Number of protein chains: 2
Amino acid sequence: MSWKERCEYMSKQRKLPLYVQIKNKLVNNIKEGVWQPGEAIPSESQLIEQYNVSRTTIRQAVQDLVQKNVLETRRGAPTRVREEPQVELGNPGIMHHELGTNMEVKVLRFEKLKEHYHAKYQLKLEEEAEVYLLERLRIADGRPIAFQQLFLPLSIGEKVKEFSYKDFDIFPKLGQHNIHYTNIQEVVSASNATQYEADLLGIVPGEALTDIERTTVGIDSMPIEYSRTKYLPNAFHYRVEIGK
Amino acid sequence: MSWKERCEYMSKQRKLPLYVQIKNKLVNNIKEGVWQPGEAIPSESQLIEQYNVSRTTIRQAVQDLVQKNVLETRRGAPTRVREEPQVELGNPGIMHHELGTNMEVKVLRFEKLKEHYHAKYQLKLEEEAEVYLLERLRIADGRPIAFQQLFLPLSIGEKVKEFSYKDFDIFPKLGQHNIHYTNIQEVVSASNATQYEADLLGIVPGEALTDIERTTVGIDSMPIEYSRTKYLPNAFHYRVEIGK
DNA sequence: AAGTGGTCTAGACCACTCA
DNA sequence: GAGTGGTCTAGACCACTTG
C-alpha cells in the first residue's frame with residue numbers, strides 16, 4: 001500500500017494513528033475473550049500480514065500494551081496476554097487489612113441513578129448517562145466496619161448484580177466476565193461520619209473515618225468503577241511498604 | 001558507521017543496548033544540571049548527530065524517559081525536562097501531595113526524651129535509651145496543614161538538628177550524611193483532632209485528620225525514624241496507584 | 001534449526017509550534 | 001516558513017526460546 005493510498009484510507013477511516021487503531025483491535029480481542037489471559041497472541045510477523053502494516057507499527061501497539069501490563073513479552077517466546085494480578089487488591093507493598101475473622105457483606109441499595117454527576121464525571125460518562133449505585137456495609141464478626149458507595153457504568157453493573165451480596169471485592173468475579181483492570185488509583189483521607197453513616201456503623205456522628213476514594217480503569221483506558229469506602233479506623237489498616 | 005563496526009564497538013564497550021546507553025547519558029545530563037528542569041534538551045536531529053545513531057534509537061531513549069515522567073514532549077515544540085518533584089517518597093505509585101504553593105516548616109519542640117516507650121519500641125531501642133522528639137507544623141501559604149511528631153535515635157537526631165526547621169522531608173539531607181533507608185512502612189488511617197492538635201491547626205476538636213504512622217528502616221535493618229503526622233484532609237492527598 | 005521478540009538503520013510525510 | 005516531534009515503511013542482524 002503506497003503512502004497516498006494509506007493517507008486517503010486513513011482520512012476516510014479515522015484520524016487515529018494506525019498503531020492506536022491496532023492497539024484497540026488487540027484490546028477488543030482480549031475483551032471479547034478471543035485471546036484468554038495466559039494465552040499467546042499471534043506473532044508480530046502474523047500481525048504484520050493480517051493488518052498490512054510495518055513491524056514498527058505493530059511493535060508500538062504491542063509495546064504500549066506491555067507498558068499497561070496487558071501483554072507480556074519474552075525474547076524468543078510468543079507474546080502472551082497477562083494473567084491478572086490475582087492478589088485481590090494486593091500489589092506487593094499495599095495491603096488492605098480488615099481486622100476480624102467472619103467477614104460478611106450487606107447490600108443496602110442497588111439501583112440506577114440519573115443524577116450523580118460527580119460519579120459520572122469520574123466514570124467519564126455522558127451527562128445523560130445513567131449509573132448503577134451499589135451501597136453496601138462491610139461486616140466483621142457481626143459488627144459493621146465500613147460503608148461503601150460503589151458507582152458502575154450500566155454494562156458492568158448488570159454483571160455485578162449477581163454476586164454483590166457475597167463478595168466485597170468485585171474484581172475477581174469481573175475477571176471471569178473478561179473485564180480486567182489495568183490501573184487502580186486510590187486516595188486515602190479522613191472524614192467525619194455523617195449522621196447516616198454513624199447510624200449504619202454504630203458510632204456517633206463526627207467520628208473520624210478512614211476514607212478511601214478509588215477509581216479503577218480497564219484495559220481500554222475506560223473507568224470500570226468509582227467508589228468511596230469509609231472504614232472505622234480501628235477495624236482497618238491501610239498499610240504501604242515502600243522498598244528501595 | 002557500518003553494522004559490523006557498530007557491533008564490535010558495542011561488544012567492546014558494553015552489552016547494554018544503544019538506546020539504554022543514550023538514556024543513561026540523558027539522565028546524567030539532567031542529574032548534573034546540564035539541562036535544568038523546565039529547560040529544553042537538544043532536538044532529536046541534534047542528538048542523532050551528536051551520538052551518531054538513528055532517529056529510532058534516540059526516540060526510544062526519549063520515549064522511555066517521557067514514560068518515566070522525566071521528559072515532556074509536545075508536538076512541534078522542543079522536548080523539555082520535567083519540573084516535577086522527581087521523587088515523592090522515592091517510589092513510583094505512591095504520592096504524598098500537599099496542596100499549596102509556599103511551603104514552610106515550624107519547629108515546635110526538639111528535645112531528648114526518656115519516657116516515650118511506644119516510640120522506643122518502634123525504634124527497637126533499649127528501655128533505658130533516650131530518643132529525640134521533633135514536633136513540627138507543616139505550613140502551606142501561611143496556614144498550618146499538618147502536625148508531626150517525629151522520633152529519632154540519638155545519633156540520627158543530632159544530624160537532623162541542623163535542617164529540621166527548613167526541610168519537612170528529612171531523607172534527602174540524611175542521605176548526604178550517608179544515612180539511607182531501605183524500607184518505609186506507612187499505615188494510613190483517620191483520627192479525631194485533640195484539643196491540642198485543633199488549636200495548632202486552627203480547627204475545632206474532633207475534626208477528622210488523615211493520620212499517617214511511619215517507620216523507616218535503614219540499610220542495617222535498624223529503624224531510623226518513627227513518626228506520626230496528622231494532616232488536614234483537604235490539604236493533603238495520599239494517592240496510591242496500583243498496576244499500570 | 002526455525003521462529004520469536006529486541007534492537008537498529010535510513011529515509012519519508014505529517015501536524016504542530018514559534019518567531 | 002523553518003524546525004520540532006509524531007507516525008510509518010522496509011529491511012537488517014541479533015539473542016533467545018522451543019521443538
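Letters go in sequence order (proteins before strands), and every chain restarts at 1. These numbers were taken from a predicted model, which means no experiment stands behind them.
- Each of C/dT7, C/dC18, D/dT7 was ranked by its minimum atom distance to the side chain of B/Arg75; first place goes to D/dT7.
- In this model, the phosphate group of D/dG6 is not approached by any side-chain N or O of B/Arg55 to a distance below 4.0 Å at OP1 or OP2.
- Considering only side-chain N and O atoms, B/Thr56 lies nowhere under 4.0 angstrom from the phosphate OP1 or OP2 of C/dC8.
- Two residues, A/Arg74 and B/Arg74, neighbour DNA chain D, and the one matched to the more 5' nucleotide by heavy-atom proximity is B/Arg74.
- Residue B/Thr79 places none of its side-chain N or O atoms closer than 4.0 Å to OP1 or OP2 of D/dT4.
- In this model, the phosphate group of D/dT7 is not approached by any side-chain N or O of B/Arg59 to a distance below 4.0 Å at OP1 or OP2.
- Counting to the nearest Å, the P atom of D/dA10 and the CG atom of A/Asn52 are 8 Å from each other.
- The interatomic distance linking B/Asp64 (CG) with C/dT7 (C1') rounds to 12 Å, in whole Å.
- Nearest heavy-atom pair, A/Val81 versus A/Gln36, reported as atom, atom and distance to 0.1 Å: CB-O, 3.6 Å.
- A donor atom on one side chain and an acceptor atom on the other are found under 3.5 Å apart for B/Glu186 and B/Tyr238.
- When each of A/Glu44 and B/Ala77 is assigned the nucleotide of DNA chain C bearing its nearest heavy atom, the one mapping closer to the 5' terminus is A/Glu44.
- Note on B/Gln63: a side-chain N or O is less than 4.0 Å away from OP1 or OP2 of D/dG6.
- We find that CD of B/Glu72 is positioned 18 Å from P of D/dT4, with the value rounded to whole Å.
- Residue A/Ile48 contributes atom CD1, which lies 10 Å from atom P of D/dA10 at whole-angstrom precision.
- For the side chain to side chain donor-acceptor pair (under 3.5 Å) test, residues two or more places apart in sequence or in another chain that qualify with B/Thr229 are B/Gln148.
- Distance CD1 (B/Ile22) to P (C/dC8): 8 Å, rounded to an integer number of Å.
- The local environment of CZ in B/Phe163 is crowded, with over 12 non-hydrogen atoms from other residues, nucleotides or ligands closer than 6.0 Å.
- When each of C/dA10, C/dT4, D/dT4 is scored by its nearest atom to the side-chain atoms of A/Ser45, the top-ranked nucleotide is C/dT4.
- Between the side chains of B/Tyr226 and B/Glu213, at least one donor N or O lies within less than 3.5 Å of an accepting N or O.
- Between the CG atom of A/Leu47 and the P atom of D/dT9 there is a distance of 13 Å, rounded to whole Å.
- Here A/Glu135 pairs with A/Leu108, A/Arg109, A/Leu133, A/Phe147, A/Gln149, A/Tyr196 under the side chain to side chain contact (heavy atoms under 4.5 Å, CB included) rule; sequence neighbours left out.
- We find that OH of B/Tyr51 is positioned 14 Å from P of C/dT9, with the value rounded to whole Å.
- Here C/dC8 is the nucleotide among D/dC8, C/dC8, D/dG6 with the atom lying nearest to any side-chain atom of B/Thr57.
- The side chain of A/Leu18 approaches D/dT9 more closely than any other nucleotide in the set D/dG6, D/dT17, D/dT9.
- Distances from the side chain of B/Thr73 to the nucleotides D/dT17, D/dT7, D/dG6 place D/dG6 closest.
- Here D/dA15 presents its P atom at 14 Å from CG of B/Leu16, a figure rounded to the nearest Å.
- Distances from the side chain of A/Tyr19 to the nucleotides C/dT9, D/dT9, D/dT7 place D/dT7 closest.
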